[in-house]
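To start, the structure under review is shown below, and the notes come after it.
All values reported here derive from a predicted model rather than from experimental measurement. The basis for the numbers below is simple: all heavy atoms, side chains too, and nothing from hydrogens, waters or symmetry mates.
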Amino acid sequence: MSILRRSLLAAALLATASPAAAELPEGVRAMIDAAIATGDAKKVETVLELARTTNPEESEALDAIEAEWKAAQAVKLAQAKAAKEEEVRTAGMLELWTGEGEIGAFQSTGNTDSLGIAASVKAKREGLRWSHRLLGRVDYQRQEGQAKREQLLAAYEPRWQFSEDLFVYGLAQIERDRLQGITRRYAASGGLGYKVFDREGLKLSVKAGPAWRVTDYTDGTSASRIAGLFGADFDWEIVKGLTFTQDANALAEGGGEVQVLVDGSNTSINFVSGLDFRISEKLRSRLSYAVDYDSNPPEGAVSTDTLTRFTIIYGF
């Protein structure tokens with residue numbers, strides 16, 4: 001028997017207990033009805049607990065009200081879940097996408113000290129089992145008619161959630177960073193991921209797997225290597241409207257990233273921490289700090305670049 005059927009049957013059976021509620025004092029009943037009308041579960045539980053304290057002789061009536069209310073809530077949740085699943089099943093590939101656009105300024109230290117423009121677009125589509133994530137990011141600075149910084153990144157990550165906590169991921173990305181001596185760098189990876197925490201206000205997932213990386217350098221040389229990838233996505237709502245983010249290559253829900261790629265002769269780390277402040281339902285501001293590390297940079301380049309960004313984000 002489905003969850004929806006069981007919930008409807010429970011609600012029908014519990015309806016026979018409703019006459020017991022008539023024994024409650026009018027004021028108590030009105031207070032309970034008002035709490036239920038808000039739809040706030042915590043308020044309902046608090047009011048029922050207070051009613052039990054002040055009216056211990058009416059415990060049976062209060063138990064019946066609580067059971068009836070919980071059954072009704074179960075029906076609503078089951079109906080909402082069924083409606084959502086049907087929406088996902090019937091939606092086309094170009095539907096149900098959500099995302100955000102980000103634009104702002106940055107200050108860099110390391111290979112260059114400069115100010116410039118930072119912009120990115122993220123999009124995500126959540127299915128019943130499959131999810132898809134897209135990312136495009138640009139950091140650009142021009143001085144005296146010449147491009148002093150030109151860092152580009154595009155990535156696509158599909159995921160298949162085969163259990164509540166475990167998922168399989170794929171990752172394809174291309175990047176360009178002439179400052180680090182890289183004309184183009186392609187990377188492909190696939191492996192397993194695990195949701196350590198997945199609750200309101202606190203989310204953490206990790207992933208790891210083999211990777212293949214091809215790098216074309218500005219001096220005309222190229223390299224192709226097998227590598228290993230580790231990623232972590234972390235989001236923590238410190239207080240209402242203020243969130244700390246530390247995510248894997250900006251491919252999950254947020255503004256910071258940490259990714260480690262290791263091969264036999266080179267280790268590159270992209271580490272970004274972000275602090276998001278919600279201005280409105282769709283508008284946020286973000287302060288982030290990024291560290292790009294390459295253990296074996298081209299001649300004339302340093303290993304570490306840092307980037308401080310202040311950006312405005314619009315969700316869609």
Side-chain angles (χ1 to χ4, degrees), residues 1-91 95-98 124-131 159-167 194-205 235-243 252-253 278 280-282 315:
M1 186 181 292
S2 67
I3 296 175
L4 181 57
R5 276 186 168 182
R6 289 199 300 269
S7 300
L8 289 171
L9 180 59
L13 291 173
L14 287 167
T16 61
S18 59
E23 301 173 10
L24 288 173
E26 185 178 342
V28 175
R29 180 72 239 199
M31 182 173 62
I32 294 172
D33 289 342
I36 290 175
T38 66
D40 189 326
K42 290 184 178 180
K43 285 185 179 179
V44 175
E45 291 172 1
T46 300
V47 169
L48 286 171
E49 188 62 32
L50 289 172
R52 286 190 178 93
T53 302
T54 56
N55 299 270
E57 71 282 356
E58 303 295 348
S59 60
E60 288 188 14
L62 292 168
D63 288 344
I65 291 173
E66 182 177 21
E68 187 177 354
W69 172 72
K70 287 184 175 180
Q73 291 296 105
V75 170
K76 287 181 180 179
L77 288 174
Q79 290 174 335
K81 182 178 179 181
K84 181 63 177 179
E85 289 181 357
E86 182 62 23
E87 181 187 13
V88 173
R89 285 194 184 95
T90 57
E95 298 177 307
L96 303 183
W97 285 90
T98 60
K124 179 172 66 173
R125 186 183 191 275
E126 296 283 356
L128 299 179
R129 289 286 186 179
W130 282 96
S131 64
R159 288 186 181 184
W160 181 56
Q161 196 78 34
F162 64 87
S163 74
E164 186 175 350
D165 298 321
L166 291 170
F167 60 88
Y194 178 71
K195 292 182 179 180
V196 183
F197 303 110
D198 189 15
R199 57 178 182 265
E200 187 176 357
L202 184 64
K203 298 181 185 295
L204 171 63
S205 66
D235 294 276
W236 172 36
E237 188 173 29
I238 304 170
V239 295
K240 191 69 174 178
L242 184 64
T243 303
E253 338 6 35
R278 184 169 296 279
S280 65
E281 184 179 352
K282 292 184 176 293

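Atom CG in Asp33 sits 7.5 Å away from atom CD1 in Ile65 (nearest 0.5 Å). The distance from the CZ atom of Arg29 to the CG atom of Asn55 is 12.5 Å, given to the nearest 0.5 Å. With rounding to the nearest 0.5 Å, the separation of NZ in Lys70 from CG in Leu77 is 13.0 Å. Taking CH2 from Trp130 and CZ from Arg159, the interatomic distance works out to 12.0 Å, rounded to the nearest 0.5 Å.
Among residues two or more places apart in sequence or in another chain, the side-chain contact (heavy atoms from CB on, under 4.5 Å) test is passed with Arg52 by Leu48, Glu49, Leu62, Asp63, Glu66. In this view, Phe162 and Trp160 satisfy the ring pair (Phe, Tyr, Trp, His ring centres under 6.0 Å) rule, not counting sequence neighbours. In terms of the side chain to side chain donor-acceptor pair (under 3.5 Å) criterion, Thr243 has no residue partners (sequence neighbours excluded). Applying the side chain to side chain donor-acceptor pair (under 3.5 Å) rule to Asp198 yields the partners Lys203; only residues at least two apart in sequence or on another chain are considered.
Surrounding CD of Glu26 are at most 12 heavy atoms belonging to other residues, nucleotides or ligands under 6.0 Å away.
The backbone N or O of Leu202 lies less than 3.5 Å from no partner atom in the side chain of Glu237, so there is not a single donor-acceptor pair. Listed for the Arg278 side chain is a donor-acceptor partner under 3.5 Å among the backbone atoms of Glu281. A donor-acceptor pair under 3.5 Å is absent between the side-chain atoms of Arg125 and the main chain of Ser131, judged by distance alone.
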Solution key, residues 36-47 side-chain donor-acceptor pairs under 3.5 Å, sequence neighbours excluded:
residue, atom, partner, partner atom, Å
Thr38, OG1, Ala35, O, 2.5
Thr38, OG1, Asp40, N, 3.2
Asp40, OD1, Lys42, N, 3.0
Asp40, OD1, Lys43, N, 3.4
Thr46, OG1, Lys42, O, 2.8

